[in-house]
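Single-structure report; data block below.
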Amino acid sequence: MNTERRKLAQLLGIGATTLASSLPAHGRAQTARRDGGEVTFLLSSLESGWGLNERVDTYTGIVWGQIADKLVHVDARGHATGWIAERWDENPTQTEFVLHLKRGVTFSDGTPLDAAAVAANIELWAKGDPSRGVGRLGLFPSSTYTAAEAIDAHTLRVRFSAPTLGFIPTLGYHKAVLRAVSSLNLRPNELGNLTKQLGSGPFTVRSWQEGDNVVLVRRPDYNWGPSAIEHTGPASLERITFKVVRDASIRGSALQAGQADVVLNVAPQEFATLRGRGLKVVAPESLGFVSGFVVNTRAPHFSDVKVRQAVQHAINRQEILDTVFTSDWKPVTTFLQSNVPEAADLGALLAHDPAKSRRLLEEAGWRPGPDGIRVKDGQRLRFNLFASPWVSTSRQVDEVIAQQLRQVGISVNLQVVDISTYNARVRGNDNVPLIEISRSFLDAGVVGNILTSGPGGEDLFRYEQSNDELNRYAAEIANAVDREPRAETLRAVQRHVLEQALFIPTSQLLQRIYVQSPKLRGEVYSGAAYPLYYGSWLER
């Protein structure tokens, strides 16, 4: 047994049992819910996201989902249902929201989760606290936020200065977790200490070893889970251990050997083998953008729409699916995931047509050089493409794309770097034309924020506010007070962006893939594909 496997076995207190002795026969009928049991969850990191409003990645976001509640639960269709907020009222202009909170809810230190505590959380999400180095919460509509005030102990009013149609879904965001007021007021040197971050969730922190493991135990008095989960009272599971095992192959081996119950993200090529061994592969749908590239129009040659369109039609997306992925991945038809209610079916705009790509490049003045790479005004049509260090399949996808672009005369130099190098060389670099995106959201109004550099805008296409059509779309989305007219605008945005080849989709995004023992039942996933284990149990 190598060192990491030995350490894992020591942590779990078990030996290297075999798969046959630890898993039920494939296809065994489900037994009744069992109270108790321990789940071990292996993942590759637990290094960031414990402080207030910090960047919460997939790994720490999964832990937060078990120890802290949210005001609402948003499912994979973008539908918000009650959690700590049982119901809510909205005014016609979408500038004022009244939240009605459940009674009897407490944080794990016994203090009440009342309207004053919720108001304190929302205030910190919207404004941060620069004096302690706490930034605002990403995706919270801070630019229009005015105030949150307690009407009484169980009723809260939140005001905005302009229509904020996406406010309620935002409350189900994986970062929008409710913390005790004492946790909100921690000193700067305590902010990253998970043991001082108190939530109201169904599990509490038994122990925490930074960067290595978190052990959670169920809270015996919990009885206020989301209405989307058909369970009441305390959680059935007694304990959940999150353990860092960086090597994906070791995580998979530990699962097959019965040393773990869930592992996060394995290579798609391993799915068939794992399923054949009786394990369950869960790939929940995630609301958000599909996998693909946003185009920096300031990069050399990419201000020309014909060059962008040539790239769009040179990519054979079916070949990507066949080469890198499995049938779990669906073809893309727009730059939004297919489960987003406002997603349009625009697959014809993404058709693989290399002849059209060559024609567009010829029209743009790019002629084949001696080696087949196109040349214009003495410059070769080439660029660096950086694989995303956060997406395990990015390099494989980019290798396929580089070959496809080479066939129409575009040279791609694939760069594979670590996170720090990627941030230094790609972020804000106008020489990089294609920037990979893999991002979830809970409300499609986020699309308006990427279009320009207006208030709260990310300006992903680097037009600032010089593109009148994008400016108009961004304003219509921001000022919407009704979902159906906004949906029509969003569908028009998708068509315009794809026709202008400002977004180059590649495949549907399966950002979080869980491989687990078939004994684990009853987990529920949020619209961003984060699991909730409050209603879960282990079969006997």
Side-chain angles (χ1 to χ4, degrees), residues 286-299 301-321 329-361 363-364 385 397-398 400-401 404-405 408 410 433-441 444-452 457-463 466-477 486-509:
S286 175
L287 297 163
F289 298 100
V290 300
S291 290
F293 306 96
V294 293
V295 177
N296 183 346
T297 59
R298 292 184 184 175
H301 319 312
F302 278 78
S303 62
D304 189 333
V305 64
K306 291 186 177 182
V307 172
R308 302 195 302 263
Q309 291 170 337
V311 172
Q312 188 82 282
H313 291 290
I315 294 177
N316 184 339
R317 293 163 178 85
Q318 188 59 50
E319 183 181 20
I320 292 172
L321 294 181
W329 275 260
K330 301 176 183 177
V332 290
T333 62
T334 181
F335 61 82
L336 300 183
Q337 292 278 90
S338 60
N339 58 313
V340 174
E342 297 86 353
D345 186 354
L346 300 169
L349 297 178
L350 306 176
H352 176 226
D353 190 344
K356 183 174 183 178
S357 295
R358 296 186 186 97
R359 184 176 68 254
L360 287 163
L361 292 172
E363 292 172 358
L385 180 63
V397 170
D398 291 351
V400 175
I401 289 173
Q404 294 172 348
L405 294 181
V408 300
I410 301 174
L434 303 184
I435 302 172
E436 187 165 352
I437 188 171
S438 55
R439 184 189 302 181
S440 57
F441 57 67
V446 169
V447 172
N449 297 338
I450 73 170
L451 302 179
T452 78
E458 295 184 68
D459 190 28
L460 292 189
F461 310 130
R462 306 292 283 161
Y463 279 121
S466 65
N467 187 304
D468 291 340
E469 195 152 10
L470 292 181
N471 293 342
R472 177 173 60 82
Y473 286 136
E476 288 182 9
I477 294 169
R486 191 188 70 167
E488 290 299 318
T489 301
L490 286 165
R491 284 188 277 270
V493 168
Q494 292 167 67
R495 176 172 292 278
H496 175 74
V497 166
L498 294 180
E499 286 177 341
Q500 293 294 306
L502 295 172
F503 197 116
I504 312 292
T506 55
S507 66
Q508 291 271 340
L509 175 64

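Heavy atoms only: backbone and side chains are in, while hydrogens, waters and symmetry mates are out.
- By the 4.5 Å heavy-atom criterion applied to side chains, Thr334 and Pro505 are not counted as neighbours.
- For Phe293, the ring-ring contact (aromatic ring centres under 6.0 Å, His included) criterion is met by no residue, not counting sequence neighbours.
- No donor-acceptor distance shorter than 3.5 angstrom exists from the side chain of Ser507 to the backbone of Ile320, with no hydrogens or angles considered.
- Within the 4.5 Å cutoff, no side-chain heavy atoms of Asn339 are placed close to those of Ser286.
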Q | Full working for side-chain contact (heavy atoms from CB on, under 4.5 Å) between Leu434 and Phe302 | A | CA-CA 9 Å; Leu434 303 184; Phe302 278 78; 4.2 Å; yes
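- With sequence neighbours excluded, the residues forming a side-chain hydrogen bond (donor to acceptor under 3.5 Å, both in side chains) with Arg317 are Gln312, listed by chain and number.
- Scanning for salt bridge (charged side-chain N to carboxylate O under 4.0 Å, His left out) contacts around Arg491 gives Glu484, Glu488, with sequence neighbours left out.
- The side-chain hydrogen bond (donor to acceptor under 3.5 Å, both in side chains) check on Gln404 picks up Glu319, with sequence neighbours excluded.
- Take Arg472 and apply the salt bridge (charged side-chain N to carboxylate O under 4.0 Å, His left out) test, not counting sequence neighbours, and it matches Glu469, Glu476.
- Contacts of Lys330 classified as salt bridge (charged side-chain N to carboxylate O under 4.0 Å, His left out), with partners at least two apart in sequence or in another chain: Glu285.
- Between Val408 and Leu361 the shortest heavy-atom distance is O-CD1, 3.5 Å.
- Annotation: side chain of Val294 is not in contact with side chain of Phe289 (no heavy-atom distance under 4.5 Å).
- Phe461 has its side chain within reach of Leu451: a pair of non-hydrogen atoms, C-beta onward, lies under 4.5 Å apart.
- The main-chain N or O of Ala314 is found under 3.5 Å from a side-chain atom of Ser357 such that the two form a donor-acceptor pair.
- Judged as a side-chain contact (heavy atoms from CB on, under 4.5 Å), and not counting sequence neighbours, the contacts of Thr297 are Arg308, Arg462, Tyr463, Leu502.
- In this structure, Thr506 and Val332 have side chains that are not in contact, with every pair of non-hydrogen atoms separated by 4.5 Å or more.
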Q: Walk me through it: do Gln337 and Gln508 pass the test side-chain contact (heavy atoms from CB on, under 4.5 Å)?
A: CA-CA 6 Å; Gln337 292 278 90; Gln508 291 271 340; 3.0 Å; yes
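- Under the side-chain contact (heavy atoms from CB on, under 4.5 Å) rule, Leu460 has a single partner from Val295, Asn296, Asn449, Ile437, which is Ile437.
- Leu498 CG to Thr333 OG1: the interatomic distance, rounded to the nearest 0.5 Å, is 9.0 Å.
- Applying the salt bridge (charged side-chain N to carboxylate O under 4.0 Å, His left out) test to pairs two or more places apart or on separate chains, those with a residue in residues 498-508 are Arg495-Glu499.
- Minimum interatomic distance between Leu509 and Ser438 (heavy atoms only, all atoms of both residues): CD1-CB, 3.9 Å.
- Residues passing the side-chain contact (heavy atoms from CB on, under 4.5 Å) test with Asp353 are His313, Ala355, Lys356, sequence neighbours excluded.
- Looking at Thr452 and Asn467, their side chains never come closer than 4.5 Å, going by heavy atoms from C-beta outward.
- With sequence neighbours excluded, the residues that form a side-chain contact (heavy atoms from CB on, under 4.5 Å) with Ala444 are Val340, Glu342, Phe441, Leu490.
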Q.
Working note: Val290 + Leu336, criterion side-chain contact (heavy atoms from CB on, under 4.5 Å); need CA distance, chi angles, decisive distance, verdict.
A. CA-CA 5 Å; Val290 300; Leu336 300 183; 5.7 Å; no
Q: Go through Ser303 and Arg298 one step at a time and tell me if the side-chain contact (heavy atoms from CB on, under 4.5 Å) criterion holds.
A: CA-CA 6 Å; Ser303 62; Arg298 292 184 184 175; over 6 Å; no
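- Contacts of Arg439 classified as salt bridge (charged side-chain N to carboxylate O under 4.0 Å, His left out), with partners at least two apart in sequence or in another chain: Glu458.
- Applying the ring-ring contact (aromatic ring centres under 6.0 Å, His included) test to His496 and every residue at least two apart in sequence or in another chain returns Tyr473.
- In this structure, CD on Gln494 lies 11.0 Å from OG1 on Thr489, to the nearest 0.5 angstrom.
- With contacts defined as side-chain heavy-atom distances shorter than 4.5 Å, the pair Asn471/Asp468 qualifies.
- The shortest distance between side-chain heavy atoms of Val311 and Leu405 falls below 4.5 Å.
- Here the CD1-CG distance, from Ile450 to Leu470, works out to 9.0 Å after rounding to the nearest 0.5 Å.
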